[in-house]
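Data block below; observations after.
Just so it is clear, the model here is predicted, and its values are computed rather than measured. The chain is numbered in sequence order, starting from 1.
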Amino acid sequence: MTARQNLNELLAVLEEIRSKEFPDVPKEMVEKIALSQYDNQDDRNKARTGTMQVIAEYVNKIG
């Protein structure tokens, strides 16, 4: 199984959970966070920063 297949499966599972348990959380936000974590898995600080940016954008948009 390729890394991309693993990522696609992870995104599918996250979407299933999000839609059932957290429908108010935007799908795009969950995807952006997962991609930030995936793309920066070798640099935890960069992954954390990317995740915080996604959350900040969402909070600013709704606020």
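- Between Val30 and Leu11 the shortest side-chain heavy-atom distance does not fall below 4.5 Å.
- Residue Tyr58 holds its OH atom at 10.5 Å from CD of Glu28, rounded to the nearest 0.5 Å.
- For the residue pair Tyr38 and Arg4, the shortest heavy atom distance occurs at OH-N, 4.2 Å.
- The closest donor-acceptor contact from the side chain of Asp43 to the backbone of Lys46 lies under 3.5 Å.
- Both Phe22 and Val54 are members of a single hydrophobic cluster when ILVMFWY side chains are connected at heavy-atom separations under 4.5 Å.
- Gln53 and Arg48 form no side-chain donor-acceptor contact under 3.5 Å, judged by distance and modelled atom types alone.
- When all heavy atoms are compared, the tightest approach of Ala47 to Ser36 is O-OG, 3.4 Å.
- Side chain of Gln5 to backbone of Thr2: a donor-acceptor contact under 3.5 angstrom is found.
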Trace of the side chain to side chain contact (heavy atoms under 4.5 Å, CB included) decision for Asn40 with Thr49:
CA-CA 10 Å; Asn40 298 296; Thr49 299; over 6 Å; no
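- Cluster annotation: Val25 is connected to Leu10 through the hydrophobic network of ILVMFWY side chains, with a link wherever side-chain heavy atoms come within less than 4.5 Å.
- Counting heavy atoms from C-beta outward, Met29 and Ile33 have side chains that approach closer than 4.5 Å.
- Between atom NZ of residue Lys27 and atom CG of residue Leu14 there is a gap of 11.0 Å, rounded to the nearest 0.5 Å.
- Look at Glu16 and Lys20 and you find a salt bridge, because one of the NZ, NE, NH1 or NH2 atoms lies within 4.0 Å of a carboxylate O, short of that distance.
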